[in-house]
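Worksheet: one structure, shown below.
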Amino acid sequence: MTDPIVTRFAPSPTGFLHIGGARTALFNWLYARGRGGKMLLRIEDTDRERSTKAAIDAILDGLDWLGLHWDGETVYQFSRVARHREIAERMLAEGKAYRCFCTPEELAQMREKAKAEGKTRLYDGRWRDRDPSEAPAGQPYAIRLKAPLSGETVVEDQVQGRVTWQNENLDDFVLLRSDGTPTYMLAVVVDDHDMAVTHIIRGDDHLNNGARQTQIYQALGWTIPVMSHIPLIHGPDGSKLSKRHGALGVDAYRAMGYLPAAMRNYLVRLGWSHGDQEVFSTEEMIAAFDLPQIGRSPARFDFAKLESLSGHYMRTSPDADLLAAIDGLLPHLANGTDIAAKLTPPIRSQILAAMPDLKERAKTLVELIDAASFIWSGRPLALDDKATALLTPEARGLIREVTQALETVEPWTPAATEQAVRSYAETKGTKLGTVAQPLRAALTGRATSPGIFNVLTVLGRQESLARLRDQASAS
RNA sequence: GUCCCCAUCGUCUAGCGGUCUAGGACAUCACCCUUUCACGGUGAAGACCGGGGUUCGAGUCCCCGUGGGGACGCCA
């Protein structure tokens, strides 16, 4: 029996969960779920200066919203420093690492020199073979890996293929800082090993780290996890994602009204494909996802496609789910509290009644809420510019007459009101649109809305007639 | 600068030597449907970065160039 698959998502809590991190989490989650494995969560909070509680909360909240649930307890890397130190000491004792007494100034000089000479190896290894007895007394030291000087280090990457580095280009990097805290490079290896991680899936900005970490695994004699470095996501203009375009926290996407399912679907197709399939249910995604199908070139973030996918999920979601999604979204909206207060039980059932018509034309929950707002907007109804333009004196005259025709309609159903309006238009010798648009403006305050007869039905006889009379008499 | 990675329509991508006069999706543009807006339907326009090889045959393999990206910290 082979070992169970264990993946992990390991964000550093120095900011929100951005779109790239969300996709990395999704890939890890899909890979584990599809193979009966586990996805672990490890918060890489060893940078005490920059790690914040707020960032941790944002990451957890973001994963939760996306529906990417991890297995087991969340591991906080900082809590494991003693273990990291233990391994560093062990490597020192075994001669796999050594003490380096260089000062920051010396290091800065070395770096400059190396750059000037066009060398990749920044540290010159000056303490590599020196006897510790030569160390200046009381001088703090860092522990560096005694990396191989020749030969090559290879990462057999599932997405990048076989990637090779000449060891002469890799220097003796620091494992344990002079203040006794572990570096990221050491901590990751020790934690992944201790957490029995079998597959590392992360952004390809870590590809070079993959080589360094491989050297640590080799020094320790540990099994190297299968690595997959996925390409980064770029902004619409091809540049690195910045706050100007796509680098928003996932909470921003929630606030824009995207459904988590749409988000997952959009994200999974960024860099990964399964033939010509564009739409994937979560189950399909889990079943089809695999590492070799991930592309190696960076993808650009495209709101238009996200939007389109979002519309698809809006249309295909059950009505009640969408209402629940609105409830979930309201707390995250600026005017959410005001709207929430208006959603009384009767209003909610009106929304539900209108939902089949509403969801057909909304791309996001925000649009859905906006399109539904005519239901709870009280009289006198505010008119937007287009609606105002529609309500010419002639149009108001039409409304007056149609209202009279409508007053006798019984029962108040879409078919019956349509009957009445159509026959009115016929006797007037005008097209249905000529009377439907003014009705729409008077009823919803907008120039666009669901089908006008459904609007009449959702609003009910009393409210409909009242809104019509408001506009018939006004001028 | 050095190291590493990448390169098919505007965008996401299919393509794993011949079935490619290169397929799908989003976006765009027509037309149809139609009470508005969407949806839906039909159709159009739109790509293999350049140059060398290898091969009977290259979008597919190799090399060089060019262009992107990433990494070069006692950050993660």
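In what follows, chains are A, B, ... by sequence order, proteins preceding strands, each numbered from 1. On a predicted model such as this, the values are computed, not experimentally measured, just so you know.
- If you check every strand for non-hydrogen atoms under 4.0 Å, A/P140 touches nothing.
- Nucleic acid contact class of A/G271 (heavy atoms, under 4.0 Å, all strands): sugar-phosphate only.
- For the C1' atoms, the distance linking B/G41 with B/C33 amounts to 8 Å, nearest Å.
- Applying the 3.5 Å distance criterion, the base of B/A27 shares no donor-acceptor pair with the side chain of A/K305.
- Across all strands shown, A/T183 has heavy atoms under 4.0 Å from sugar-phosphate atoms exclusively, and none from any base.
- Using a 4.0 Å heavy-atom cutoff across all strands shown, A/Q160 reaches sugar-phosphate atoms only and no base atom.
- Cation-pi geometry between A/R99 and A/Y141 is satisfied (NZ or CZ under 6.0 Å from the ring centre, within 45° of the ring normal).
- When distances are taken from the side chain of A/K115 to each of B/G1, B/C5, B/G40, the shortest belongs to B/G1.
- Each of B/G1, B/U35, B/U13 was ranked by its minimum atom distance to the side chain of A/A299; first place goes to B/U13.
- Among the nucleotides B/C37, B/A7, B/C74, the one closest to any side-chain atom of A/S297 is B/A7.
- Nucleic acid contact for A/R422: sugar-phosphate only, since backbone atoms but no base atoms lie under 4.0 Å from a heavy atom of the residue.
- As rounded to the nearest Å, B/A30 and B/U54 have P atoms that lie 50 Å from one another.
- Remark: the separation of the P atoms in B/A47 and B/A22 is 10 Å, to the nearest Å.
- Residue-level contact check: A/T434 touches neither bases nor backbone, having no heavy atom under 4.0 Å from any strand.
- Take the nearest nucleotide of RNA chain B for A/R111 and for A/L170: the residue whose nucleotide is more 5' is A/L170.
- Between A/R361 and A/E367 there is no salt bridge, since none of the side-chain N atoms of the basic residue sits less than 4.0 Å from a carboxylate O of the acidic one.
- Residues A/Y253 and A/F301 bring their aromatic ring centres within 6.0 Å.
- With B/A76, B/C3, B/C74 as the candidates, the nucleotide lying closest to the side chain of A/W165 is B/C3.
- Both cation-pi conditions hold for A/R144 and A/Y123: the charged atom is under 6.0 angstrom from the six-membered ring centre and inside a 45 degree cone around its axis.
- Relative to the side chain of A/R269, the nucleotides B/C74, B/A76, B/C12 differ in distance, and B/C12 lies closest.
- Donor-acceptor pairing under 3.5 Å, judged by distance alone, is absent between the side chain of A/D45 and the base of B/A76.
- Using a 4.0 Å heavy-atom distance criterion, A/T448 is classed as a base contact.
- As judged by a 4.0 angstrom heavy-atom cut-off over every strand, A/I452 is placed among the base-contacting residues.
- Ranking B/U2, B/C74, B/C12 by closeness to the A/E278 side chain, first place goes to B/C12.
- When heavy atoms are screened at a 4.0 angstrom cut-off, A/F453 is found touching base atoms of the nucleic acid.
- Judged by distance alone, with hydrogens and angles left aside, A/R361 brings a side-chain donor or acceptor within reach of the base of B/C37, the pair sitting under 3.5 Å.
- Of the side-chain N and O atoms in A/R144, one or more sit less than 4.0 angstrom from OP1 or OP2 of B/C74.
- In this structure, the nucleotide among B/C3, B/C12, B/C75 sitting nearest to the side chain of A/R50 is B/C75.
- Using atom P as the reference point in both B/C39 and B/A25, the two lie 15 Å apart (nearest Å).
- In this entry the distance linking CG of A/L306 with C1' of B/U13 reads 16 Å, nearest Å.
- Classification of A/E112 and A/K115 as a salt-bridged pair fails, no side-chain N sitting under 4.0 Å from a carboxylate O.
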**Request:** Could you walk me through whether A/Y184 and A/H206 pass ring-ring contact (aromatic ring centres under 6.0 Å, His included), step by step?
**Result:** CA-CA 11 Å; A/Y184 159 80; A/H206 283 287; 5.7 Å; yes
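- Listed candidates were B/G24, B/C39, B/U35. Nearest to the side chain of A/R440 is B/U35.
- B/A71 and B/G15 have their C1' atoms separated by 31 Å, with the value rounded to a whole Å.
- Taking only side-chain atoms of A/L207, from C-beta outward, the nucleotide of B/C4, B/U13, B/U36 with the closest atom is B/C4.
- Remark: A/D470 does not engage A/R467 in a salt bridge, criterion side-chain N to carboxylate O under 4.0 Å.
- Comparing B/C56 with B/G51, their P atoms are spaced 23 Å from each other, to the whole Å.
- The base of B/G23 is paired with the side chain of A/D276 by a donor and an acceptor separated by under 3.5 Å.
- B/A25 is paired with B/U11 under the criterion used here, namely a Watson-Crick or G-U wobble arrangement in which both key atom distances are under 3.5 Å.
- When the C1' atom of B/C74 is taken as reference, atom CG of A/L176 falls 9 Å away, rounded to whole Å.
- Remark: B/U2 base-pairs with B/A71. Criterion, Watson-Crick or G-U wobble with two distances under 3.5 Å.
- The residue among A/Q293 and A/A436 whose nearest nucleotide of RNA chain B lies closer to the 5′ end is A/Q293.
- No contact: A/H229 has no heavy atom under 4.0 Å from any strand.
- Of the listed nucleotides (B/G73, B/A27, B/U36), B/A27 has the atom at the smallest distance from the side chain of A/S308.
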**Message:** Walk me through whether A/T7 and A/L40 qualify under side-chain contact (heavy atoms from CB on, under 4.5 Å).
**Reply:** CA-CA 6 Å; A/T7 65; A/L40 275 22; over 6 Å; no
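- Ion pairing of A/R446 with A/D370 is present here, as a side-chain N (NZ or NE/NH1/NH2) and a carboxylate O approach within less than 4.0 Å.
- In terms of phosphate contacts, A/S273 brings a side-chain nitrogen or oxygen within less than 4.0 Å of OP1 or OP2 of B/A14.
- Taking atom P in both B/C16 and B/U21, the straight-line distance is 14 Å, to the nearest Å.
- Spacing of P atoms, B/G24 relative to B/G46, comes out at 14 Å, to the nearest Å.
- Note on A/T164: only backbone sugar-phosphate atoms sit closer than 4.0 angstrom, heavy atoms only; bases stay farther off.
- Nucleic acid contact class of A/K363 (heavy atoms, under 4.0 Å, all strands): sugar-phosphate only.
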